[in-house]
Amino acid sequence: MNERLASGQRGRLSPADLLAAATRHTSIGWPDADPAQILFAATASDVDTVVASGRTVVSEGRHALGDVAALLRDALAPLVDHN
């Protein structure tokens with residue numbers, strides 16, 4: 001956006017250029033770190049929104065199905081041997 005404001009022109013960058021800029025390590029403030037490392041640092045509390053196949057599954061940190069832990073517990077209960 002700042003490029004357009006500075007130049008007064010739209011469409012100066014190709015979609016490929018924009019994607020490269022958005023995914024370059026330096027664009028997220030990590031000059032030499034692999035962004036894939038975020039997978040080892042993120043927790044469930046870091047997830048605010050999840051969209052799968054165009055459908056919102058998690059919004060504002062809440063799963064569309066409700067309390068997933070309780071649903072999983074209830075689904076597994078019949079499989080647990082209580083003897």
Side-chain angles (χ1 to χ4, degrees):
M1 181 170 143
N2 292 336
E3 176 67 21
R4 179 175 59 93
L5 294 175
S7 69
Q9 296 176 347
R10 287 180 168 256
R12 292 192 54 185
L13 301 172
S14 71
D17 291 337
L18 292 172
L19 180 61
T23 58
R24 194 173 300 126
H25 298 173
T26 55
S27 68
I28 57 174
W30 297 349
D32 60 353
D34 180 1
Q37 295 297 317
I38 194 68
L39 297 174
F40 300 114
T43 67
S45 64
D46 295 312
V47 178
D48 178 76
T49 304
V50 175
V51 177
S53 298
R55 192 175 129 243
T56 302
V57 179
V58 176
S59 178
E60 296 180 1
R62 291 185 209 90
H63 199 284
L65 295 177
D67 184 352
V68 175
L71 292 168
L72 183 58
R73 182 192 63 235
D74 294 346
L76 295 175
L79 305 175
V80 176
D81 183 11
H82 293 284
N83 292 331

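Residue numbers run from 1 in the order of the sequence given.
Legend: residues meeting side chain to side chain contact (heavy atoms under 4.5 Å, CB included) with Val68, ordered by chain and number and at least two apart, are His63. Residues that satisfy the side chain to side chain contact (heavy atoms under 4.5 Å, CB included) test with Asp74, not counting sequence neighbours, are absent from this structure. Residues meeting the side-chain hydrogen bond (donor to acceptor under 3.5 Å, both in side chains) test with Thr56, sequence neighbours left out: none. By the side-chain hydrogen bond (donor to acceptor under 3.5 Å, both in side chains) test, Ser14 pairs with Asp17, sequence neighbours left out. In terms of the side-chain hydrogen bond (donor to acceptor under 3.5 Å, both in side chains) criterion, Asp48 has no residue partners (sequence neighbours excluded). Here Arg62 pairs with Glu60 under the salt bridge (Lys or Arg N to Asp or Glu O under 4.0 Å) rule; sequence neighbours left out. Annotation: side chain to side chain contact (heavy atoms under 4.5 Å, CB included) contacts of Thr49 (sequence neighbours excluded): Val51. Partners of Ser53 according to the side chain to side chain contact (heavy atoms under 4.5 Å, CB included) rule, which considers only residues two or more places apart in sequence or in another chain, do not exist here.
Leu72 belongs to a hydrophobic cluster with Leu76, Leu79, counting contacts under 4.5 Å between side-chain heavy atoms of Ile, Leu, Val, Met, Phe, Trp and Tyr, direct or through other members. Taking Ile, Leu, Val, Met, Phe, Trp and Tyr as members and joining any whose side-chain heavy atoms lie under 4.5 Å apart, directly or through other members, the hydrophobic cluster of Val57 also contains Val47, Val50, Val58.
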